[in-house]
Every structure is written in C-alpha cells, then in structure tokens.
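One-based numbering along the sequence shown. Computed over heavy atoms, backbone and side chain alike; hydrogens, waters and symmetry mates excluded.
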Amino acid sequence: MAGEKQKAKDAAAELSKLIAEVLIRERVIPRFVDSYVVENGRHALQVHASLYRDLLGLLQREALLALTVRALEIVCDEPHAEGKRKPRPMLRRDATAFRRKFLAALARQQGWTAGDALDFQRDLQMYEELLARAESTRRNRKPFEAANHPFVDRCAFLLDSSFMEKARLAASRALTGIEELAATITKQVYSEGVRA
C-alpha cells in the first residue's frame with residue numbers, strides 16, 4: 001500500500017516537473033508569439049521589451065493551464081491498461097488524490113505563494129468547467145476554424161485584441177501543439193514505469 005502511494009506521488013511530481021520544464025525548453029509561447037508577429041506584421045507587439053516580457057509571462061501561464069488541463073484529462077479520465085486488465089479510467093478517489101499531489105508539486109516547483117497556487121487552481125477549474133460545457137457541442141473543426149477552448153480566447157485577447165480572429169487562429173494552432181506536448185509528456189512518464 002505504501003509503495004502504491006509513493007508511485008502515485010512520484011508520477012504526479014514527475015509529470016508536473018516535466019510539464020514545467022518542457023514548456024520552457026520547447027519555447028512554445030515565444031515561438032507562438034514570434035510567428036504571429038511575423039505572419040501578421042504586428043511588430044508593435046515586440047517593440048517595448050518590458051511589455052513583451054509581460055505578455056510572454058501571461059501567455060506562458062495560459063499555456064501551463066492548457067497543458068495541465070490536457071495532462072490531467074489524459075491521466076485521470078482516459079482509459080489506461082494495467083497489466084492484463086481491460087483499459088479503464090482512474091477511479092475517482094485516485095484521480096482526486098493524483099490531482100492534489102500534482103498541483104502541490106507544481107506549486108512547489110514554480111515557487112508560488114499560497115495565493116498564486118489558489119489563483120492557478122481557480123483558473124484551472126474554470127478551464128475544466130468551460131471545456132465540459134463545450135464538450136457536448138464538440139465537433140471536428142476545419143483547419144481554418146479556431147478551437148472552442150478557453151486558451152484560444154484568453155490568448156487571443158491578451159495577444160492582439162484588435163485582430164481577434166487572426167489571434168484566435170494562431171492560438172488555436174498553438175493549442176494543438178500544446179495538447180500534443182501533453183500527450184507526449186504523459187506517455188513518457190508512464191512508459192518509464194511510473195503509474196499513479
């Protein structure tokens with residue numbers, strides 16, 4: 001029993017560590033903003049260094065939220081095979097415990113205060129609620145359509161509210177990359193033999 005709890009703690013801590021590291025190492029947000037600036041000729045977004053850094057910081061937080069939502073969805077809600085058993089989702093109490101451990105590890109790694117951690121959890125909950133509502137109307141979108149996702153709307157507003165539709169399309173492409181990154185990271189954590 002103690003071994004299983006340690007594995008769950010290890011999986012949650014490892015996943016939160018990888019998410020934070022990969023988001024920075026892969027330069028997801030700087031590449032997203034830079035490509036948007038070049039594609040749309042919006043060079044004014046990069047003129048003031050301090051404003052540009054603030055923008056990157058805000059968008060980085062939104063990307064961390066989107067990455068966290070997708071990673072938790074993969075780990076807790078999608079079916080996983082354990083040994084020879086039929087694949088099934090994580091039990092609700094295990095998912096709750098994993099989520100708590102994951103968020104605590106993420107807060108420690110990011111060096112957040114209690115208020116910062118609560119703000120992140122509140123935004124995470126908002127993301128999950130909005131996605132749950134949108135799931136009932138989910139359909140395959142065309143390549144020229146923006147995703148119906150809080151990351152897309154919030155990033156578009158922060159990035160370039162005067163060209164909202166172009167910003168939404170760019171944020172939608174970034175979201176696709178973030179969700180692929182989440183799948184890769186969770187697969188990596190679980191292929192190393194760490195199971196929650």
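What you find for Cys76 and Phe98 is that their closest heavy atoms are SG-CD2, 4.1 Å. Heavy-atom minimum distance, Ala182 versus Ala71: CB-N, 4.1 Å. Counting all heavy atoms, side chain and backbone alike, Ala66 lies closest to Leu175 at CB-CD1, 4.2 Å. In plain terms, the two heavy atoms of Phe151 and Ala171 that are nearest each other are CE2-O, 3.5 Å. Closest of all the heavy-atom pairs between Val189 and Ala11 is CG1-O, 4.1 Å. In plain terms, the two heavy atoms of Leu67 and Leu23 that are nearest each other are CD2-CD1, 4.1 Å.
With sequence neighbours left out, the side chain to side chain donor-acceptor pair (under 3.5 Å) criterion links Gln109 to Ser16. In this structure, the side chain to side chain contact (heavy atoms under 4.5 Å, CB included) partners of Val22, at least two apart in sequence or on a different chain, are Arg25, Glu26, Leu181, Ile185. Partners of Gln125 according to the side chain to side chain donor-acceptor pair (under 3.5 Å) rule, which considers only residues two or more places apart in sequence or in another chain, are Glu129. Applying the side chain to side chain contact (heavy atoms under 4.5 Å, CB included) test to Ala183 and every residue at least two apart in sequence or in another chain returns Ile74. Shown here are the side chain to side chain donor-acceptor pair (under 3.5 Å) partners of Glu128, two or more places apart in sequence or in another chain: Arg99. With sequence neighbours excluded, the residues that form a side chain to side chain contact (heavy atoms under 4.5 Å, CB included) with Leu56 are Ile29, Val33, Tyr52. In this structure Asp119 satisfies the salt bridge (charged side-chain N to carboxylate O under 4.0 Å, His left out) test together with Arg122, sequence neighbours excluded. Shown here are the side chain to side chain donor-acceptor pair (under 3.5 Å) partners of Glu180, two or more places apart in sequence or in another chain: there are none. Annotation: ring pair (Phe, Tyr, Trp, His ring centres under 6.0 Å) contacts of Phe32 (sequence neighbours excluded): none.
The residue from Arg70, Met126, His149 that alone fulfils the side chain to side chain contact (heavy atoms under 4.5 Å, CB included) condition with Leu131 is His149.
From Leu106, atom CG reaches atom CZ of Phe120 across 5.0 Å, with rounding to the nearest 0.5 Å. Here CG of Leu124 is found 6.5 Å from CG of Leu72. Values are rounded to the nearest 0.5 Å. Expressed to the nearest 0.5 Å, how far CD of Glu73 lies from OG1 of Thr186 amounts to 10.5 Å. Ile178 contributes atom CD1, which lies 11.0 Å from atom CD1 of Ile19 (distance to the nearest 0.5 angstrom). Here CG of Asp10 is found 11.0 Å from NZ of Lys17. Values are rounded to the nearest 0.5 Å. Taken from CG in Leu18 to OG1 in Thr184, the straight-line distance is 11.0 Å, to the nearest 0.5 Å.
Applying the salt bridge (Lys or Arg N to Asp or Glu O under 4.0 Å) rule to pairs touching residues 44-68 yields Arg61-Asp123, Glu62-Arg154, sequence neighbours excluded. Residue pairs meeting the salt bridge (Lys or Arg N to Asp or Glu O under 4.0 Å) criterion with at least one partner in residues 38-52, sequence neighbours excluded, are Glu39-Arg173, Arg42-Asp160.
Taking the side chain as every heavy atom from C-beta outward, Val75 and Phe102 never approach each other to under 4.5 Å. For the pair Asp34 and Gln46, the minimum side-chain heavy-atom distance is below 4.5 Å. A heavy-atom distance below 4.5 Å is not found between the side chains of Val152 and Leu169.
Listed by chain and number, the hydrophobic cluster partners of Phe157 are Met164, where partners are ILVMFWY side chains within reach of under 4.5 Å, directly or through others.
Side-chain atoms of His48 do not come within 3.5 Å of backbone N or O of Ser50 as any donor-acceptor pair. Between the side chain of Ser35 and the backbone N or O of Arg31 there is at least one donor-acceptor pair closer than 3.5 Å.
Under 3.5 Å, the side chains of Gln110 and Asp116 contain no donor-acceptor pair of N or O atoms.
In the hydrophobic clustering of this structure, Leu103 groups with Trp112; members are Ile, Leu, Val, Met, Phe, Trp, Tyr whose side-chain heavy atoms approach within less than 4.5 Å, directly or through other members.
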